[in-house]
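Heavy-atom basis, side chains included; hydrogens, waters and symmetry copies ignored. Remember, predicted model here, so these are calculated numbers, not experimental data. Chain letters run A, B, ... following the sequence lines, proteins first, then strands; residues in each count from 1.
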Amino acid sequence: MAGSIEQLNIKQFQNDLLHWFTNEQRDLPWRKDQDPYKVWVSEIMLQQTRVDTVIPYFNRFIENFPTIEKLAEADEENVLKAWEGLGYYSRVRNLQAAVKEVHESYGGVVPNTPEEIKKLKGVGPYTAGAILSIAYGVPEPAVDGNVMRVLSRILLIWDDIAKASSRKVFEEAVRSIISHENPSYFNQALMELGALICTPTSPSCLLCPVREHCQAFHEGVQDQLPVKTKKKSTRHVELVAAVLKDHQGRYLIHKRPEQGLLANLWEFPTVEKSKLIKPKDILQDFMKHEYDIHIQLDKTSFTAIPHVFSHLTWDIEAYSGTIENEVKEAGNMKLVTAEELTNYAFPVSYQKMWKAYLESVKEN
DNA sequence: AACGCGGGGCT
DNA sequence: AGCCCAGCGTT
């Protein structure tokens with residue numbers, strides 16, 4: 001049976017939801033004030049990322065870049081370093097680009113209209129609504145995964161939330177039930193409810209402050225919602241990499257391309273394996289022909305790094321070795337000391353590799 | 001509309 | 001071994 005908004009006592013629902021959020025909301029660092037810049041930073045970090053993961057990153061990031069002006073003027077390398085390990089690195093490149101735009105074109109004031117704020121890089125429908133409602137009290141929907149799950153249950157909406165078109169259904173639902181007295185709390189409460197009570201599996205309906213309003217609970221189908229089709233599985237890539245030291249004890253690092261996977265992050269020289277050629281030979285030939293760097297690799301690899309992304313899996317076999325000739329440093333190829341190396345942003349897989357390398361050196 | 005894009009924690 | 005997470009940009 002299809003649900004409907006007509007069956008919802010909107011005023012009572014708002015009261016119950018806002019009362020619960022007022023009393024039960026978590027004490028989070030980005031809730032200490034409503035500075036649009038801090039709300040913005042937190043919302044970008046929270047995209048596809050859990051609250052517990054974000055908290056330490058948010059605190060460090062605001063310490064390093066406390067204002068729009070500071071972030072606008074910061075060195076991109078340092079900004080990326082502050083994001084290291086958080087994932088989806090294009091988020092922070094877009095954030096800095098957008099902050100520069102606000103700094104230069106809006107006098108440093110985050111715009112407060114849907115039309116203007118959505119033009120900013122990295123600010124889509126969700127983030128626009130979140131900033132507008134939380135920082136400025138504008139009654140715009142902020143529909144994320146939590147909100148779709150919660151409302152699919154309360155309003156008995158059976159649309160497939162994996163489809164992009166479904167978001168509009170939920171946005172219209174929010175428009176018709178959002179509190180105009182407190183849009184900020186209303187949007188945050190829906191998300192907080194999704195995070196604490198109305199969870200993906202085994203929701204805590206008996207603790208739910210809006211259980212009386214929930215059509216899925218009424219019909220006993222809360223476990224069948226939301227409807228979400230699964231996506232296909234990941235592909236697998238085999239790589240070989242090397243931690244290479246020159247005769248002065250410096251290490252060779254390579255900057256990844258500015259587009260695609262792990263864009264602009266640093267790595268140890270890496271190539272994809274091939275069926276016909278031995279991994280060490282592939283790496284040696286690649287370094288020689290691509291960069292004119294002659295290397296000598298140790299007999300056996302010191303570690304193997306398995307790494308799971310959302311859409312693919314890496315297996316990296318890692319060797320240590322030495323550089324035998326003079327290296328011409330280019331923009332994307334650098335020799336750095338072990339200490340300098342810590343100033344560059346590496347993907348987690350290469351952080352693990354470096355750690356394993358240091359351990360292997362310690363043993364010998 | 002579908003896909004690429006990180007990393008970690010839970011079931 | 002998937003699934004999910006305070007999604008967005010590109011194609």
Next on the checklist: If you assign A:Thr201 and A:Arg91 each to the DNA chain B nucleotide with the nearest heavy atom, which residue ends up on the more 5' nucleotide?
Outcome noted: A:Arg91
Would you kindly check whether a donor in the side chain of [X] faces an acceptor in the base of [N], or vice versa, at under 3.5 angstrom?
{"X": "A:Thr53", "N": "B:dG8", "answer": "no"}
{"X": "A:Tyr88", "N": "B:dG6", "answer": "yes"}
{"X": "A:Thr49", "N": "B:dG8", "answer": "no"}
{"X": "A:Arg50", "N": "C:dC4", "answer": "yes"}

Checklist entry - Got a sec: does the CZ of A:Arg26 have more than 12 other heavy atoms crowding it under 6.0 Å? => result yes
Measuring only the [atom1] atom in each nucleotide, how far is [N] from [M]? A whole number of Å is fine.
{"N": "B:dG9", "M": "C:dC8", "atom1": "C1'", "result": "23 Å"}
{"N": "B:dA1", "M": "C:dC5", "atom1": "C1'", "result": "22 Å"}
{"N": "C:dC3", "M": "B:dC3", "atom1": "P", "result": "15 Å"}
{"N": "B:dG7", "M": "C:dT10", "atom1": "C1'", "result": "22 Å"}
{"N": "B:dG8", "M": "C:dG9", "atom1": "C1'", "result": "24 Å"}

Next on the checklist: Tell me whether A:Ser166 contacts the main-chain N or O of A:Asp160 through its side chain, where contact means a donor paired with an acceptor under 3.5 Å.
Outcome noted: yes
Item to check | Which residue lies more 5' along DNA chain C, comparing A:Val143 with A:Gln259 via nearest heavy atoms | outcome: A:Val143
Checklist entry - Within the structure shown, what part of the strands sits under 4.0 Å from A:Arg256 by heavy-atom distance: base, sugar-phosphate, or nothing? => result nothing
Checklist entry - Within the structure shown, what part of the strands sits under 4.0 Å from A:Ser42 by heavy-atom distance: base, sugar-phosphate, or nothing? => result nothing
Checklist entry - Counting only side-chain N and O atoms of A:His311, is one of them less than 4.0 Å from OP1 or OP2 of B:dC3? => result no
Checklist entry - Would you say C:dG7 has OP1 or OP2 under 4.0 Å from some side-chain N or O of A:Gln48? => result yes
Item to check | A:Tyr37-A:Trp40 aromatic ring centre distance below 6.0 Å | outcome: no
Item to check | A:His307 side, atom NE2; A:Tyr350 side, atom OH - distance, nearest 0.5 Å | outcome: 10.0 Å
